Protein chains: 2
Amino acid sequence: MGKSLVSNNIRLLRFQNGEMTQQQLADKAGVTRQTIIAIESAKYSPSLELAFRLAKAFNVKLEDVFTYDSEEKK
Amino acid sequence: MGKSLVSNNIRLLRFQNGEMTQQQLADKAGVTRQTIIAIESAKYSPSLELAFRLAKAFNVKLEDVFTYDSEEKK
DNA sequence: TTTTTGTGTATATTTTACTTTACATAATGT
DNA sequence: ACATTATGTAAAGTAAAATATACACAAAAA
């Protein structure tokens, strides 16, 4: 059931941080560029650890990078 | 490269929330009790999605459940 | 004593995150 | 024209998260 309810603004944050490239972010977070691409395009959501590392790479809080679009009350 | 840098206070939160059992939390978060045990005892850290769902189960923010013990500056 | 409830351990399996490698393309620079 | 840089796609493999099932044990309840 269901599409991922987690969305992110990695792309925005990259460009807000001096046009940081995917490769630079990957290096900072300690993953490959493929992983950044997959997460940025929401192909899947990262592990909690990686989410924390990505937030740290931007010097922001985790919830400034990833948001949980919880189910709307009907 | 190392041990998980993510810690949690699920056990504390369970008991702060009316002695919520592992099974009740598992049901709320939509996972099995085994998963709760594994995460609570830090055998591994959850997916980002599950982390969000667990926070929601306690009605707190993700970072009130999980904290990232980032590397200490030497 | 027997049953139920909550917690813990163990192992096998499925699913998903992540890696690695390779190739494609548009944009920039020489 | 050629090289470089940044992004994207795809496929095959490894690693880790999550499930399912089973068994064990202590505490409380009947």
Side-chain angles (χ1 to χ4, degrees), chain A residues 1-58 60-71, chain B residues 1-58 60-71:
Chain A
M1 341 65 171
K3 60 214 64 170
S4 175
L5 298 165
V6 177
S7 57
N8 72 84
N9 18 35
I10 291 180
R11 194 183 303 237
L12 178 63
L13 284 162
R14 281 201 298 115
F15 286 102
Q16 284 179 345
N17 282 59
E19 308 283 332
M20 183 187 295
T21 68
Q22 292 176 332
Q23 186 61 63
Q24 288 171 330
L25 177 56
D27 291 342
K28 272 200 165 197
V31 291
T32 65
R33 189 172 63 91
Q34 296 311 313
T35 300
I36 300 298
I37 290 174
I39 293 168
E40 193 172 293
S41 61
K43 286 187 63 179
Y44 52 70
S45 61
S47 68
L48 181 56
E49 281 222 33
L50 179 49
F52 272 119
R53 277 185 270 142
L54 288 168
K56 194 167 175 234
F58 292 123
V60 297
K61 293 192 302 179
L62 190 149
E63 295 179 357
D64 293 329
V65 184
F66 298 95
T67 57
Y68 186 62
D69 314 315
S70 80
E71 232 126 73
Chain B
M1 306 103 174
K3 62 217 61 168
S4 174
L5 297 165
V6 177
S7 58
N8 72 83
N9 19 33
I10 291 180
R11 194 183 304 235
L12 177 64
L13 284 162
R14 281 201 297 116
F15 286 101
Q16 284 179 344
N17 282 58
E19 307 282 335
M20 182 188 296
T21 67
Q22 293 176 331
Q23 187 60 62
Q24 289 171 330
L25 177 56
D27 291 342
K28 274 201 165 196
V31 292
T32 65
R33 189 171 65 90
Q34 296 312 314
T35 300
I36 299 299
I37 290 174
I39 293 168
E40 191 170 296
S41 60
K43 286 186 63 178
Y44 52 71
S45 62
S47 68
L48 181 56
E49 283 223 31
L50 179 49
F52 272 119
R53 277 186 270 141
L54 288 169
K56 194 167 177 236
F58 292 123
V60 297
K61 294 191 303 179
L62 190 149
E63 295 179 357
D64 293 328
V65 184
F66 299 96
T67 57
Y68 185 61
D69 313 316
S70 79
E71 231 127 71

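Computed from a predicted model, the values in this text were never measured in an experiment. Letters A, B, ... mirror the listed sequences (proteins, then strands); counts begin at 1.
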Span of DNA chain C, from the first to the last nucleotide whose atoms fall under 4.0 Å of chain B heavy atoms: dG6(C) to dA10(C)
Going from CZ on F58(A) to CD on Q16(A), what distance comes out if it is rounded to the nearest 0.5 angstrom? 9.0 Å
Heavy-atom pair with the smallest gap, counting every atom of V65(A) and I10(A): CG1-CG1, 3.9 Å
Produce the list of close N/O pairs, under 3.5 Å, pairing protein atoms with atoms of nucleotides 23-30 of chain D; give distances to one decimal.
none

Contacts of F52(A) that satisfy ring-ring contact (aromatic ring centres under 6.0 Å, His included) - sequence neighbours left out: Y68(B)
Show me the side-chain donor-acceptor pairs of residues 31-38 of chain B shorter than 3.5 Å, one per line, residues at least two apart or across chains.
{"residue": "T32(B)", "atom": "OG1", "partner": "T35(B)", "partner atom": "N", "Å": "3.4"}
{"residue": "T32(B)", "atom": "OG1", "partner": "T35(B)", "partner atom": "OG1", "Å": "3.2"}

How would you list, by chain and number, every residue that makes a side chain to side chain donor-acceptor pair (under 3.5 Å) with T67(B), sequence neighbours excluded? S7(B)
Can you pull out the residues from residues 13-27 of chain A that lie within a 4.0 Å heavy-atom distance of DNA chain C? none
Contact check, side chains of L48(B) and L62(B), non-hydrogen atoms, under 4.5 Å: yes
Measuring only between side-chain heavy atoms, which start at C-beta, is N8(A) closer than 4.5 Å to L54(A)? no
Determine which pairs satisfy salt bridge (Lys or Arg N to Asp or Glu O under 4.0 Å) with at least one residue from residues 19-31 of chain A, sequence neighbours left out, and list them in order. none
Detail all sub-3.5 Å separations between protein N/O atoms and N/O atoms belonging to nucleotides 14-21 of chain D.
{"residue": "dA18(D)", "atom": "OP1", "partner": "S47(B)", "partner atom": "N", "Å": "2.8"}
{"residue": "dA18(D)", "atom": "OP1", "partner": "S47(B)", "partner atom": "OG", "Å": "2.9"}
{"residue": "dA18(D)", "atom": "N7", "partner": "Y44(B)", "partner atom": "OH", "Å": "3.4"}
{"residue": "dT19(D)", "atom": "OP2", "partner": "T32(B)", "partner atom": "N", "Å": "3.2"}
{"residue": "dT19(D)", "atom": "OP2", "partner": "T32(B)", "partner atom": "OG1", "Å": "3.4"}
{"residue": "dT19(D)", "atom": "OP2", "partner": "T35(B)", "partner atom": "OG1", "Å": "2.2"}
{"residue": "dT21(D)", "atom": "O4", "partner": "Q34(B)", "partner atom": "NE2", "Å": "3.4"}

Scan residues 5-35 of chain B for pairs that pass ring-ring contact (aromatic ring centres under 6.0 Å, His included), counting only residues two or more places apart or in two chains. none
Residue list, side chain to side chain donor-acceptor pair (under 3.5 Å) with R53(B), at least two apart or on another chain: none
Would you compute the distance between atom CZ of R11(A) and atom CG of L13(A) and round it to the nearest 0.5 angstrom? 12.0 Å
To the nearest 0.5 Å, what is the distance between CG (L50(A)) and OG (S45(B))? 10.0 Å
